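Notes follow the structure.
Reckoned from all heavy atoms, side chains included, excluding hydrogens, waters and symmetry mates. The chain is numbered in sequence order, starting from 1. Note that this is a predicted model, so its numbers are computed, not measured.
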Amino acid sequence: MTLVLLTIAGTDSSGGAGIQADLKTFTAHRCYGASVITAMTAQNTTGVQAVHPSPPEFVAEQIRSVLSDINVDAIKTGMLYDTDNVLSVAKTLKQHYQSQTMIPLVCDPVCVSTSGHVLLHPDAIESMIIEIFPLSQLITPNIPEAKLLLSRSGLPDDITSLEEMLTAAQNLLSLGSRAVLLKGGHIPLTYQDLCRVTAANPRIIWAPDDIYDQNMEILQNGRIPAVDLVIDVLCQCSGEINLFPRPRLQSTNTHGTGCTLSAALTCQLGMGVDLAEATKKATAYTHLAIETAPSIGHGSGPLNHLHSILIRRIPLRSQTNPYPLTRSLIQGTASIWKGYVQHDFVKLLGKGILERGSFLHFIKQDYHYLKYYARAYALLATKSHAYDPISAAMETVVTVVRESSMHVEFCAQWGISQSVLENTPESPATTAYGAFLIDTGLQGDSMKLTMALMACLLGYGEVGLWLKKEACKPNSWVVWDGNPYLKWIEDYSGQDYQSAVRKGLETIETKAAADPPSEGRLEEWRQVWEKCTRLEKGFWDMAMNLS
């Protein structure tokens, strides 16, 4: 069944905001959009040059015309311009829904344009609060709009911190709507702000994967994620509070952001999605619309409203998602990946209490596995048709040979000679993993082999960074001083190995971007990644069980 949405707002002659942005957003969400025009504007990316309002009687007639004929699933309001139009919209909606349940209404309380042009007469603000807010399931003010609404209502309007955003959102909730989404784009916040506020308010809900998913230290190069954040605050009458953090984008393509977000929310609510999940999806959609926007015009450019319906199996690389293929692989195998990189073997190693026999059994088997790994990279060189990738593959072979010397040193420290190490029989886990690498390398697709090799390279990099990060926490469970396995942790969290990890990330992302895969080929890559992730976990299992 086709979902039908109605936008009641002004036009934007440049196409980036207002009715035009709403209809594009509805289309991107595969919804049918109807419209009621409250005003026509002459505007572009540099500002609003003129506004021509619709007569209130004509606004009412448009609403009646649509609602009398079409079953609308949700409504949003944007620019209402003046008191007469506010009253006309409220009266007409009340009349139509007086004998039936009001459908979801999202009110974007548009007051002033980005360029500073007044889009709602000051005397209309009180009318909007009194007449429109009580009809609304959600209002979506930005910080300047929130300050204006609060000051006009005699409520505190200081909003300079995340704590004050929470207070402001709760005060705005008292103005009649069932929920408030206070948009935080005008306040620079940090990851530390987020941690401080959520630690002090345990009932606040927020999703870490709005910044980075768990077990993705390698995608951040070991740094604290997103130093500069945009945080939106959702408060509901139920008392539930949600925070939606996103990395702040350094972009001038923000024309129509508020219209786009409220339209996306209208789509989600019309589909019956609960408010918190609807907000998560709508903020993610808007974030990507900014991040992938083309440069149009000489001022604040429009968003890319159609990014979600373009045929692209792997998202474009961007400043906040530089490794989209790797991120999707980790997300797609999240539980297996976590079982691998946070295995009990790794945790006991971090605590320094892993049984010596388990570690030596692992080291001896890993020594043999690295021979397979080096051979597989040599196969990758044979599949290359240019000197640069051949050189890169052979450099890795040399690096692996050097890494094997670390195993020899570990064994020597505990009285195991290189002769004993060489003559240690391979375990079934080692043979199975090594055979899979070689078998994959003998097949045609070099990217499948690259996928097989990356699970090991990236996984050990993740383990090293995770242990190092945990060790830096107060009262950490990771033992650094006196840990007999400290050198192992330092090697895999160190600059040399992490440099190899970054090269690996660049390799697979560059290859995928240069030769975008079909759906079937991408699934083959994912299956190889998952298989090798399972084999890596099996390698830890082997070490723990001494099989």
Glu506 CD: over 12 foreign heavy atoms closer than 6.0 Å: yes
Does any N or O in the side chain of Thr333 come within less than 3.5 Å of the main-chain N or O of Ile336, such that one atom is a donor and the other an acceptor? no
Quick one: does Glu462's side chain have a donor or acceptor within less than 3.5 Å of a partner on Ile218's backbone? yes
Please confirm whether the backbone N or O of Leu325 pairs with a side-chain atom of Glu509, one donor and one acceptor, at under 3.5 Å? yes
How would you list all residue pairs meeting side-chain hydrogen bond (donor to acceptor under 3.5 Å, both in side chains) that involve residues 91-105, not counting sequence neighbours? Lys94-Glu131
Donor + acceptor pair across side chains of Thr254, Ser300 (<3.5 Å): yes
Please assess Arg196 against Glu163 for the test salt bridge (charged side-chain N to carboxylate O under 4.0 Å, His left out), listing each intermediate value before the final yes or no. CA-CA 10 Å; Arg196 182 188 70 251; Glu163 287 87 349; 2.8 Å; yes
Are the side chains of Arg534 and Tyr340 in contact, using a 4.5 Å heavy-atom criterion? no
Mind checking the NZ-CE spacing from Lys448 to Met451? Nearest 0.5 Å is all I need. 12.0 Å
Rounded to the nearest 0.5 Å, what separation is found between the CG atom of Leu3 and the CZ atom of Arg30? 13.0 Å
Note, Met128 side chain near Pro109 side chain (heavy atom, < 4.5 Å): yes
As an exercise, state the distance from NE2 of His255 to CD1 of Ile296, rounded to the nearest 0.5 Å. 10.5 Å
Heavy-atom check, side chain of Arg521 versus side chain of Met447, under 4.5 Å: yes
Within-4.5 Å side-chain heavy-atom neighbours: Tyr81 and Leu120: no
Test side-chain contact (heavy atoms from CB on, under 4.5 Å) on Leu105 and Met102; report intermediate values, then the result. CA-CA 8 Å; Leu105 171 64; Met102 180 73 191; 4.0 Å; yes
Please output the side-chain donor-acceptor pairs of residues 35-42 that fall under 3.5 Å, not counting sequence neighbours, one pair per line with the distance.
from  : atom 1 : to    : atom 2 : distance (Å)
Thr38 : OG1    : Ala9  : O      : 3.3
Thr38 : OG1    : Gly10 : N      : 3.4
Thr38 : OG1    : Met79 : O      : 2.5
Thr41 : OG1    : Thr11 : O      : 2.6
Thr41 : OG1    : Gln43 : NE2    : 2.8

Could you give the side-chain donor-acceptor pairs of residues 173-186 under 3.5 Å, partners two or more places apart or in another chain?
from   : atom 1 : to     : atom 2 : distance (Å)
Ser174 : OG     : Asn171 : O      : 2.4
Ser177 : OG     : Ala179 : O      : 3.0
Lys183 : NZ     : Thr140 : O      : 3.1

Partners passing side chain to side chain contact (heavy atoms under 4.5 Å, CB included) against Glu61 (at least two apart in sequence or in another chain): Arg64
Surrounding CZ of Arg317 (heavy atoms of other residues, nucleotides or ligands, distance under 6.0 Å), is the total greater than 12? yes
Between Ser14 and Gln20, is any pair of side-chain heavy atoms under 4.5 Å apart? no
Quick one: side chains of residues 148-158, donor-acceptor pairs under 3.5 Å with protein atoms, not counting sequence neighbours, listed by atom name and distance.
from   : atom 1 : to     : atom 2 : distance (Å)
Ser151 : OG     : Lys147 : O      : 3.1
Ser151 : OG     : Leu148 : O      : 3.0
Arg152 : NH1    : Pro122 : O      : 3.0
Ser153 : OG     : Leu149 : O      : 2.9

Keeping Asp82 on the side-chain end and Asn85 on the backbone end, is there a donor-acceptor pair under 3.5 Å? yes
Do Ile314 and Leu522 come within less than 4.5 Å of each other through their side chains, counting heavy atoms only? yes
Euclidean distance, Gln62 CD relative to Leu6 CG, rounded to 0.5 Å: 9.5 Å
For Gly339, is there any backbone N or O sitting under 3.5 Å from a side-chain donor or acceptor partner on Gln342? no
Within-4.5 Å side-chain heavy-atom neighbours: Leu219 and Leu505: yes
Which donor-acceptor pairs under 3.5 Å do side chains of residues 262-277 form with protein atoms, sequence neighbours excluded?
from   : atom 1 : to     : atom 2 : distance (Å)
Ser262 : OG     : Lys76  : NZ     : 2.8
Ser262 : OG     : Gly258 : O      : 3.0
Ser262 : OG     : Cys259 : O      : 3.0
Thr266 : OG1    : Ser262 : O      : 2.7
Asp274 : OD1    : Ala276 : N      : 3.2
Asp274 : OD1    : Glu277 : N      : 3.2

With side chains defined as the heavy atoms from C-beta onward, is the minimum distance between Thr283 and Thr286 less than 4.5 Å? no
Which value, rounded to the nearest 0.5 Å, describes the distance between Asp232 atom CG and Trp206 atom CH2? 14.0 Å
For Trp529 and Trp337, take the angle between the two ring planes, folded into 0 to 90°, and tell me which bin it lands in: parallel under 30, tilted 30 to 60, perpendicular over 60. parallel
